[in-house]
Amino acid sequence: MKKKFTTGFISRFWWLPLLTGLIAIGFGIWCLCAPMQSLPVMAYVFAGIMCAAGVANLVVAFSNTSYSGWGWSLCLAILELIAGIWMFCIPAPELTLTFMYIIGIWILVVAINGVCESCMLMAYNPVWVIWMILLLFCTIGFSIIWLTNPIQSLYVEWLWLGISLIAYGLYRVSFSISMKRLGRYTDGLL
């Protein structure tokens with residue numbers, strides 16, 4: 001027995017990428033303004049966000065199993081929960097160093113995932129999709145620069161991390177606008 005896809009499931013939650021985008025932009029600006037003070041706080045906030053995102057992805061995965069991408073949501077949820085709980089278990093001095101690598105890898109992974117999300121919207125709004133993909137490629141480039149050597153030139157690397165977070169945040173805000181327009185374009189079907 002096949003489940004029916006929930007009407008408006010995608011466009012109904014347009015505000016979630018907007019919220020995550022604004023948070024990423026805020027952390028990016030904070031990272032650029034006060035890199036040494038922001039790192040320990042960002043590490044614990046990020047661990048909490050990873051746990052919350054894991055729970056949210058579990059809800060998405062199990063609430064709509066007829067959606068073809070529900071397995072990816074489940075895998076992402078498990079990885080996010082493991083990473084978040086693991087980060088809370090690491091002592092504070094080691095957490096700061098570990099966080100520098102985890103955030104770089106996370107930005108890289110979510111940017112690549114974002115390219116897939118954006119391509120899904122290509123039929124509905126090609127202009128916005130091109131803008132979003134350009135932002136994501138910038139994000140991928142900045143995160144690779146960050147990951148190549150996050151410790152040696154800390155201030156310059158914080159510049160790359162801050163810019164990566166801002167670029168990813170701008171993508172999420174753009175994606176949110178596209179999701180809302182998608183809901184209007186399809187009369188609430190998606």
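Computation of the quantities below employed the complete heavy-atom set of this structure, encompassing side-chain atoms and omitting hydrogens, waters and symmetry-equivalent molecules. Numbers for residues simply follow the sequence, beginning at 1.
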Separation of [Y] [atom2] from [X] [atom1] (nearest 0.5 Å):
X	Y	atom1	atom2	value
Ile177	Leu18	CD1	CG	7.5 Å
Tyr168	Ile25	OH	CD1	11.5 Å
Ile49	Ile23	CD1	CD1	5.0 Å
Leu136	Ile112	CG	CD1	10.0 Å
Ile144	Leu108	CD1	CG	5.5 Å

Same apolar cluster (I L V M F W Y, side chains within < 4.5 Å links), [X]/[Y]:
X	Y	value
Met42	Tyr44	yes
Leu19	Leu165	yes
Ile107	Leu22	yes
Ile105	Ile102	yes
Ile133	Phe175	yes

- Apply side chain to side chain donor-acceptor pair (under 3.5 Å) to Trp86 and list each qualifying residue two or more places apart in sequence or on a separate chain. none
- Task: Assess whether side-chain contact (heavy atoms from CB on, under 4.5 Å) is satisfied between Val109 and Leu79, documenting all intermediate values.
- Result: CA-CA 12 Å; Val109 169; Leu79 289 173; over 6 Å; no
- Task: Walk me through it: do Leu74 and Asn57 pass the test side-chain contact (heavy atoms from CB on, under 4.5 Å)?
- Result: CA-CA 6 Å; Leu74 179 63; Asn57 274 324; over 6 Å; no
- Query: Phe46 and ring-ring contact (aromatic ring centres under 6.0 Å, His included): which partner among Trp106, Phe27, Phe88?
  - Reply: Trp106
For a quick test of reading the model, state the closest non-hydrogen atom pair linking [X] to [Y] and the distance between them.
X	Y	result
Met87	Leu95	O-CD1, 3.5 Å
Cys51	Leu81	O-CD2, 3.5 Å
Ala167	Thr139	CB-OG1, 3.3 Å
Ala83	Met50	CB-CE, 3.8 Å
Leu135	Tyr171	CD1-N, 3.6 Å
Gly21	Arg172	CA-CB, 3.4 Å

- Task: For the pair Ser176 (side chain) and Trp15 (backbone), establish whether a donor and an acceptor sit closer than 3.5 Å, ignoring hydrogens and angles.
- Result: no
- Message: Is it the case that over 12 heavy atoms from other parts of the model lie below 6.0 angstrom from the CH2 atom of Trp30?
- Response: yes
